[in-house]
Amino acid sequence: MANYTILRIEKRKLNAVTRICNHHERLKEQYKSNPDIDPERTHLNYHLYEPKDRYRAAVLGRIEEAGAKRRKDSVVLQDSIVTASPDWINNLSQQQQREFFERAYDFFTKTFGEENMISAVVHMDETNPHMHVCFVPITKDNRLSSKDIIGGPRGLVKLQDDFYSHMLNTAYLSDALDVALVDALNDARRDDSAGVIGSK
């Protein structure tokens with residue numbers, strides 16, 4: 001059976017940012033819309049990049065810092081999720097899972113710039129471990145442009161190819177953890193469907 005690492009990136013406008021923040025950062029007392037969340041395990045969640053403020057304030061602050069122009073209907077946040085096939089990722093130790101997410105986060109900072117990161121949080125309180133990475137789509141010449149940063153559907157496919165290559169190229173055979181990841185990733189193929197990278 002094929003195993004998959006999953007990368008999805010969605011566009012968010014300003015009116016959705018607070019809702020995304022409340023969910024990702026577990027700021028609500030109850031989550032009736034998502035019964036998979038186990039509050040008794042929420043303390044196991046951790047950040048690879050902790051937000052400096054609530055998402056809305058952080059997003060607007062980054063846009064102002066960059067001197068970028070924002071329209072009322074602008075995409076101001078890229079909301080990403082990284083995970084893998086349940087059987088595969090749940091079979092890793094917590095240390096191996098963390099290494100997997102750290103490598104994935106490294107891809108985001110190298111591709112989109114650490115200065116544009118809003119949050120990178122790993123959820124361990126749902127059925128399967130996964131990471132949400134949120135960043136502001138600021139270009140190198142300080143424009144707010146999701147279109148230029150992601151590049152539409154074709155750009156997303158290229159991002160997934162680049163993500164796959166990054167995960168392979170950083171899987172150094174330095175210890176048992178890396179051997180396990182290389183075994184899982186070296187025999188990999190990119191799936192035709194957007195957002196999914198698979199291994200045989």
Side-chain angles (χ1 to χ4, degrees), residues 5-37 39 42 45-83 101-102 104-160 162-163 166 193-196:
T5 57
I6 300 167
L7 168 64
R8 295 192 179 98
I9 304 178
E10 297 187 15
K11 300 180 290 186
R12 306 293 187 188
K13 297 181 180 180
L14 190 60
N15 61 3
V17 170
T18 297
R19 174 177 57 82
I20 297 300
C21 177
N22 290 342
H23 173 77
H24 292 356
E25 302 301 326
R26 296 297 191 254
L27 299 179
K28 297 168 62 177
E29 292 185 5
Q30 294 182 329
Y31 295 89
K32 294 180 180 179
S33 62
N34 190 345
D36 289 338
I37 297 175
T42 296
N45 297 348
Y46 58 90
H47 285 87
L48 297 183
Y49 184 90
E50 193 156 355
K52 299 175 182 178
D53 206 333
R54 298 288 178 97
Y55 288 12
R56 182 184 176 92
V59 165
L60 292 175
R62 175 58 189 136
I63 294 171
E64 181 179 1
E65 179 185 52
K69 295 181 179 179
R70 177 179 64 86
R71 302 187 311 271
K72 288 184 178 180
D73 63 344
S74 292
V75 172
V76 299
L77 188 72
Q78 304 291 162
D79 181 17
S80 314
I81 187 169
V82 174
T83 187
F101 290 125
E102 286 176 345
Y105 177 66
D106 184 60
F107 171 80
F108 281 87
T109 59
K110 289 181 177 178
T111 304
F112 304 111
E114 189 166 14
E115 68 277 9
N116 295 318
M117 295 296 120
I118 297 298
S119 176
V121 58
V122 177
H123 284 170
M124 302 294 290
D125 60 354
E126 296 185 52
T127 304
N128 301 305
H130 58 276
M131 177 171 66
H132 294 283
V133 182
C134 291
F135 62 94
V136 183
I138 298 287
T139 64
K140 291 183 178 179
D141 58 351
N142 289 329
R143 291 178 297 106
L144 180 65
S145 178
S146 174
K147 180 179 180 181
D148 287 354
I149 289 294
I150 303 299
R154 290 184 179 180
L156 183 57
V157 169
K158 183 180 184 304
L159 279 173
Q160 289 156 10
D162 292 345
F163 177 71
H166 172 86
S193 61
V196 181

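This is a predicted model, so every value here is computed, not measured.
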Legend entry - Residue pair Asn142 / Ile138: nearest heavy atoms and the distance that separates them: CA-CG2, 3.8 Å
Inset, instruction - Working to the nearest 0.5 Å, report the span between CG of Asn116 and OG1 of Thr109. - result: 11.0 Å
Legend entry - Exam field: side chain Asn45 to backbone Val121, donor-acceptor pair closer than 3.5 Å: no
Legend entry - Lys13 vs Lys72 side-chain heavy atoms within contact, under 4.5 Å: no
Legend entry - Over all atoms of both residues, closest heavy-atom pair of Met117 and Tyr105: CG-OH, 3.5 Å
Legend entry - Heavy atoms of other groups near Arg54 CZ, more than 12 under 6.0 Å: no
Legend entry - Spatial distance of atom CG (Leu77) from atom CZ (Arg62) [nearest 0.5 Å]: 13.0 Å
Inset, instruction - Would you check if the side chain of Ser80 reaches a backbone N or O of Val133 as a donor-acceptor pair within less than 3.5 Å? - result: yes
Legend entry - Separation of Ile118 CD1 from Lys52 NZ (nearest 0.5 Å): 8.5 Å
Legend entry - Straight-line distance of Thr42 OG1 to Arg26 CZ, nearest 0.5 Å: 6.0 Å
Inset, instruction - Kindly say whether Ile149 contributes a backbone atom to a donor-acceptor pair with the side chain of Thr139 at under 3.5 angstrom? - result: no
Inset, instruction - Considering non-hydrogen atoms only, spot the tightest contact between Pro51 and Ser119 and give its length. - result: CD-OG, 3.8 Å
Legend entry - Non-hydrogen side-chain atoms of Arg12 and Gln78 separated by less than 4.5 Å: no
Inset, instruction - Provide the closest heavy-atom pair for Val82 versus Phe108 in the form atom of the first, atom of the second, distance. - result: CG2-CE1, 3.7 Å
Inset, instruction - With rounding to the nearest 0.5 Å, note down the distance linking CG in Leu7 to NE2 in His166. - result: 11.5 Å
Legend entry - CD1-OG1 distance between Ile150 and Thr111, expressed to the nearest 0.5 angstrom: 9.5 Å
Legend entry - Qualifying residues under side-chain contact (heavy atoms from CB on, under 4.5 Å), relative to Arg70, sequence neighbours excluded: Leu14, Leu60, Ile63, Ser74, Val76, Leu144
Legend entry - Set of ring-ring contact (aromatic ring centres under 6.0 Å, His included) partners for His132, sequence neighbours left out: His23, His24, His123, His130
Inset, instruction - Kindly indicate whether the side chain of Leu27, heavy atoms from C-beta on, has any atom under 4.5 Å from the side chain of Cys21. - result: yes
Inset, instruction - Using a strict cut-off of less than 4.0 Å between a Lys/Arg side-chain nitrogen and an Asp/Glu carboxylate oxygen, indicate whether Glu25 and Arg56 qualify as a salt bridge. - result: no
Inset, instruction - Not counting sequence neighbours, list each pair that qualifies as a ring-ring contact (aromatic ring centres under 6.0 Å, His included) and has a residue in residues 46-69. - result: none
Legend entry - Closest approach of Phe107 to Asp162 (non-hydrogen atoms, all atoms of both residues): CE1-C, 3.6 Å
